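Please read all numbers here as calculations on a predicted model, not as lab measurements.
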Amino acid sequence: MDCTMSFPSVHFVPVGRTLCRYERITLAAHSKRRRRPPKNLRYPSRPKQPPEFGVNLFLKKPSIMSEPTEEDMDEGPHEENDENIGAVWGSDELEAIASLFQGRIPQKPGKLNRERRLPLPLPYKLRPMGLPTPKPLVKLAAPSVVSSRASMAKKVYKSPRFLVGLAREISRLGPDEDASKILGKWVQFLRKGSLSLTIRELGHMGCPERALQTFLWAQNQPHLFPDDWILASTVEVLARNHELKVPFSIDQFTSLASRGVLEAMIRGFIKGGNLRLAWKVLVVARRDKRMLDSSIYAKLILELGKNPDRHRHVLPLLDELGERDELNLSQQDCTAIMKVCTKMGKFEVVESLFSWFKQSGCQPSVVMFTSVIHSRYTQKKYREALAVVWEMEASNCLFNLLAYRVVIKLFVALNDLSRAMRYFSKLKEAGFSPTFGLYKDMLQIYMASGRIAKCKEICKEAEIAGFKLDKHLVSYDLINEKQ
């Protein structure tokens, strides 16, 4: 029995034909259409066009290309990969491949010590090297950029406007209301040290009880206390308003308190006029060898120097300041000590302070110049005082009324009429009104020079200003007659 089997739609590959190694053999049963060859093999390639004009054919390597045959067209596009695999390598290429396994690729001989050309200068490298801008100057130069980066809480917690406004809101509270009513609203914006300015402002407003309430509220806030700034401000406000209860064991208190709290207590007692307690706290601090700021000594010297009976307390403070290696005195502190020392006759202290202040690199003010001139005038060192006047003029320091008063007195003592008249006219041009002492000094120098007409003119001018100099004029006339 003959059995015939038919395989419909099966494509048999001829035996003598090679297949591509990467080509898959699929049964045609899954697809009814025969696979079409790609377009580049279905259509013959177009003939080569002539080369463009100007192209150098000698620089171009000849490429060996064989024209496709019908057999190649039937084989498909993968036959080209087989032909490329069997390509012939050149000697240079084989040498380069072999050198990869041997080591370094041999280089062609050339200039071994050749000089490399310098790179072109870049614009940012041509600029002169400068120091970087300090951080505070950057903040001043671009405050908007810095403020935009800062958070809201950072802007508020140290803003004087906000903290002073907080003190005003607290001061407007009723007598039955507590300061925590206002402080509780802004607790998330406060940091350590913020409320010290608020407490001091409440002290200036005359509300020491509100300052104490603010301090007691801050004590219950863990992110605000302990803080020496708040404690020192509260102690100073209470001491200035006589609300601070000093314990009997003040020795134990000063040993436990920090330096800032001790200085705040002494400042509060001085501003409140309680010099006895200020002196007591200072004596205990000195006995315990606690080093306090020099400005505390200057403020206490100024207040003690106002009372002649307490001059004996000034001398040990001056000696202690003189023994210090470093002084931290402001210009106001120096002038305050100079005035007290001039009254006490300690002129050497005035001169040493004046030379120390200039050696520290600071420019003396008109008040300091006037204090030194007055000190030398009191010693009757008129020529030395005149040198300070020229130094004051060279520094372009503007004179105030007291400076004109002291300088005119110096020229009257030197019997220098022309300079006394010049500075008297300068005083009027500056917009100052002469005092009774200035009229008296000018009358004295005019009488000494025999300028009677000028004496009468000064008397009339003084009468217009509300002063009477007739008695002084008669006394000068009697002195001249006796002479």
R210 and side-chain contact (heavy atoms from CB on, under 4.5 Å): which single residue from L173, V237, I199 fits?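 Exactly one option meets the side-chain contact (heavy atoms from CB on, under 4.5 Å) with R210, and it is L173.
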
Consider side-chain contact (heavy atoms from CB on, under 4.5 Å). Of L224, I182, D178, which one does W217 pass it with?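 For W217, the side-chain contact (heavy atoms from CB on, under 4.5 Å) check succeeds only for L224.
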
Could you tell me which non-hydrogen atom of [X] sits nearest to which non-hydrogen atom of [Y], and how far apart they are?
X	Y	value
S294	R324	OG-NH1, 3.2 Å
Y439	I458	O-CG2, 3.9 Å
C397	F369	SG-CD1, 4.4 Å
I301	V340	O-CG2, 3.8 Å
E263	I296	O-CD1, 3.8 Å
R419	D416	CD-OD2, 2.9 Å

Side chains of [X] and [Y]: does their closest heavy-atom pair fall under 4.5 Å?
X	Y	value
I408	I445	no
V350	S371	no
L166	T214	no
R259	D293	yes
F269	W279	no
K440	F467	no
V366	L398	no
K454	M442	no

Using 0.5 Å steps for rounding, measure from the [atom1] atom of [X] to the [atom2] atom of [Y].
X	Y	atom1	atom2	value
L318	I337	CG	CD1	7.0 Å
L410	R405	CG	CZ	12.0 Å
F357	Q331	CZ	CD	4.0 Å
T370	Y377	OG1	OH	14.5 Å
Q219	I230	CD	CD1	9.5 Å
L163	S196	CG	OG	7.5 Å

Backbone N/O of [Y] and side chain of [X]: donor-acceptor pair under 3.5 Å:
X	Y	result
K271	N241	no
H374	V406	no
S395	M392	yes
R191	Q188	yes

Please say whether more than 12 non-hydrogen atoms of neighbouring residues, nucleotides or ligands are located less than 6.0 Å from CZ in R168.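 Atom CZ in R168 is not packed in, count stays at 12 or less.
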
Under 6.0 Å from the NZ atom of K460, do we count more than 12 heavy atoms belonging to anything else shown?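 It does not: K460 NZ has 12 such atoms or fewer within range.
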
Hey, are K428 and E461 close enough for a salt bridge, meaning a charged N less than 4.0 Å from a carboxylate O?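 Here K428 pairs with E461 in a salt bridge, since their nearest N and O are under 4.0 Å apart.
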
Is it true that K381 and E351 make a salt bridge, defined as a side-chain N closer than 4.0 Å to a carboxylate O?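 The answer is no: the pair does not qualify as a salt bridge.
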
Name all residues meeting the side chain to side chain contact (heavy atoms under 4.5 Å, CB included) criterion together with A167; count only those two or more places apart in sequence or in a different chain, and write none if there are none.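 A167 satisfies side chain to side chain contact (heavy atoms under 4.5 Å, CB included) with T198, E201, L202, M205 once adjacent residues are dropped.
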
Are D333 and K299 close enough, and set up right, to give a side chain to side chain contact (heavy atoms under 4.5 Å, CB included), and what steps lead you there? CA-CA 7 Å; D333 296 334; K299 290 177 175 60; 4.0 Å; yes

Could you go through the side chain to side chain contact (heavy atoms under 4.5 Å, CB included) check for L317 and R286 one step at a time? CA-CA 11 Å; L317 297 179; R286 287 166 57 194; 4.1 Å; yes

Show your working on side chain to side chain contact (heavy atoms under 4.5 Å, CB included) between K409 and V412 and close with a plain yes or no. CA-CA 5 Å; K409 283 182 68 174; V412 170; 5.6 Å; no

Contacts of type ring pair (Phe, Tyr, Trp, His ring centres under 6.0 Å), residue F411, not counting sequence neighbours: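 Counting only residues at least two positions away or on another chain, F411 forms a ring pair (Phe, Tyr, Trp, His ring centres under 6.0 Å) with Y423.
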
Should V349 and M344 be marked as a side chain to side chain contact (heavy atoms under 4.5 Å, CB included) after you check the CA-CA gap, both sets of side-chain angles, and the distance that decides it? CA-CA 10 Å; V349 179; M344 296 176 58; over 6 Å; no

If you apply the rule side chain to side chain donor-acceptor pair (under 3.5 Å), what do you find for Q379 with R376, and how did you get there? CA-CA 5 Å; Q379 299 179 70; R376 296 182 181 182; over 6 Å; no

